[in-house]
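Worksheet: one structure, shown below.
Ligands are counted one by one from 1 in listed order, and the atoms in each one are counted from 1 as well.
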Amino acid sequence: MTSISLPTPERTREAGRRLGEALRAGDLVVLTGGLGAGKTTMTQGLADGVGVRGPITSPTFVIARVHPSLVGGPALVHVDAYRLGGAAELDDLDLDTDLTDSVTVVEWGSGLVEDLSEDRLEITLAADPETEARTLTLTGRGRWAGAPADALVRSLTAEV
Ligand SMILES: Nc1ncnc2c1ncn2[C@@H]1O[C@H](COP(=O)(O)OP(=O)(O)OP(=O)(O)O)[C@@H](O)[C@H]1O
Ligand SMILES: [Mg+2]
């Protein structure tokens with residue numbers, strides 16, 4: 001588990017973009033953080049990095065949206081699990097794509113959707129009440145466990 005500070009929304013998006021570039025079909029990103037922590041902002045960056053069609057908006061009225069690839073890669077499935085009962089219900093949504101062929105990103109997914117994939121990035125966004133900056137904490141599971149997740153976090157702080 002490693003943390004970095006994201007001082008602005010642009011940095012949240014940029015971190016998402018870099019993470020997205022490393023993701024592949026079958027990966028699951030579980031986004032945790034309170035109301036307004038930056039989960040959708042991060043998903044916008046992830047979508048950019050994976051190379052899918054936008055726009056990424058808060059899925060207020062729909063529980064899940066499938067964003068097709070623009071680059072012949074995996075689609076991105078964006079889920080708001082706020083009102084979702086669990087992974088079983090996600091299976092029932094009858095999405096127009098197989099999750100093993102997609103990158104799946106779930107807001108409010110912690111404790112609900114871990115069964116969907118062993119290969120996961122578990123990301124927590126926490127707002128600093130004084131500075132407005134967000135702290136990103138990342139834990140890798142499956143193929144992302146340990147060193148790969150640490151390298152990923154280091155790449156977020158590297159200059160381009
Ligand atoms: N690193 C950051 N520093 C300051 N503000 C940020 C940062 N990242 C995102 N924000 C801002 O936080 C606000 C909420 O962002 P966003 O909608 O992505 O949060 P969310 O976690 O998806 O919210 P919800 O709980 O409603 O789904 C936006 O105005 C966004 O620009
Ligand atoms: Mg959101």
Side-chain angles (χ1 to χ4, degrees), residues 1-23 27-70 74-87 89-93 95-97 99 102-114 116-117 120-141 144 149-160:
M1 186 173 89
T2 332
S3 298
I4 62 162
S5 177
L6 303 169
T8 62
E10 289 68 35
R11 284 292 293 139
T12 301
R13 236 175 250 115
E14 168 68 8
R17 193 179 63 71
R18 292 200 196 185
L19 293 173
E21 285 172 353
L23 295 174
D27 282 339
L28 170 67
V29 180
V30 184
L31 293 175
T32 302
L35 276 173
K39 301 178 293 296
T40 301
T41 307
M42 168 129 292
T43 306
Q44 288 166 350
L46 288 165
D48 206 18
V50 174
V52 299
R53 194 170 75 206
I56 300 283
T57 56
S58 298
T60 308
F61 299 108
V62 284
I63 288 173
R65 271 205 197 94
V66 181
H67 296 270
S69 180
L70 298 168
L76 183 141
V77 180
H78 181 203
V79 182
D80 190 339
Y82 197 67
R83 292 166 299 145
L84 200 66
E89 239 183 87
L90 188 57
D91 279 341
D92 291 345
L93 288 179
L95 294 170
D96 201 16
T97 178
L99 295 185
S102 312
V103 170
T104 306
V105 180
V106 190
E107 298 189 36
W108 300 105
S110 182
L112 285 176
V113 297
E114 282 80 0
L116 289 177
S117 177
R120 301 194 292 279
L121 297 181
E122 297 177 356
I123 295 174
T124 301
L125 295 168
D128 181 318
E130 275 161 32
T131 66
E132 280 289 304
R134 285 9 180 208
T135 299
L136 175 153
T137 305
L138 187 149
T139 305
R141 309 282 184 200
W144 287 111
D150 294 343
L152 205 52
V153 174
R154 273 198 306 278
S155 79
L156 297 183
T157 52
E159 296 293 325
V160 274

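Of all the heavy atoms in Pro7 and Ala133, the pair that sits closest is CA-CB, 3.9 Å. Residue Arg65 comes nearest to Ser58 through the heavy atom pair NH1-O, 4.4 Å, listed as atom of the first residue, atom of the second, then distance. For the pair Thr57 and His78, the tightest heavy-atom approach, listed with the atom from each and the gap, is O-CE1, 3.4 Å. Listed here is the closest heavy atom pair of Pro74 and Ser102: CB-CA, 4.1 Å. Here the closest non-hydrogen pair linking Ser110 and Thr32 is CB-OG1, 3.3 Å. Ala75 and Pro68 make their closest contact through CB-CA, 4.2 Å (heavy atoms, listed as atom of the first residue, atom of the second, distance).
In this structure, Gly36 is part of the shell of residues with a heavy atom less than 4.0 angstrom from ligand 1. Heavy-atom separations between Arg11 and ligand 1 are all 4.0 Å or longer.
When each atom of ligand 1 is checked for a heavy atom of Pro7 under 4.0 Å away, the hits are 3 (N). Less than 4.0 angstrom separates some heavy atom of Ala37 from each of these atoms of ligand 1: 19 (O), 20 (P), 21 (O). Listed by number with element, the atoms of ligand 1 under 4.0 Å from a non-hydrogen atom of Glu107 are 22 (O), 27 (O). Heavy-atom proximity to Thr40, at under 4.0 Å, picks out these atoms of ligand 1: 18 (O), 20 (P), 22 (O).
Checking atom 15 (O) of ligand 1 against the protein gives a heavy-atom contact under 4.0 Å.
Metal site remark for the Mg ion (ligand 2): Thr43 contributes no N, O or S atom at a distance under 2.8 Å.
In terms of modelled atom types and a separation under 3.5 Å, the side chain of Lys39 and the main chain of Gly34 share a donor-acceptor contact. At distances below 3.5 Å, not a single donor-acceptor pair connects side-chain atoms of Ser117 with backbone N or O atoms of Arg120.
For atom 4 (C) of ligand 1, the nearest non-hydrogen atom of the protein is Glu132 O, 3.2 Å. Closest protein heavy atom to atom 19 (O) of ligand 1: Gly38 N, 3.0 Å. Scanning all protein heavy atoms for the shortest distance to atom 8 (N) of ligand 1 gives Thr12 OG1, 2.8 Å. Given atom 25 (O) of ligand 1, the protein heavy atom at minimum distance is Lys39 NZ, 2.9 Å. Closest to atom 12 (O) of ligand 1, if we only count protein heavy atoms, is Arg134 NH2, 3.0 Å.
Considering both main-chain and side-chain atoms, Met42 never comes within under 3.5 Å of ligand 1 through any nitrogen or oxygen pair.
Tested against His67, the residues Val103, Val52, Val77 include a single side chain to side chain contact (heavy atoms under 4.5 Å, CB included) partner, Val52.
Considering Asp128, Leu6, Leu31, Thr41 only, the shortest heavy-atom separation from atom 9 (C) of ligand 1 involves Thr41.
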Pair Thr135-Ser3, side chain to side chain donor-acceptor pair (under 3.5 Å): steps then yes or no: CA-CA 7 Å; Thr135 299; Ser3 298; over 6 Å; no
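Using a 4.0 Å cut-off between heavy atoms, Tyr82 makes no contact with ligand 1 at all.
Ionic pairing of Glu14 and Arg17 is present here: one or more N-O contacts between side-chain nitrogen and carboxylate oxygen are shorter than 4.0 angstrom.
In terms of distance to the Mg ion (ligand 2), the nearest N, O or S atom of Glu107 is named OE1.
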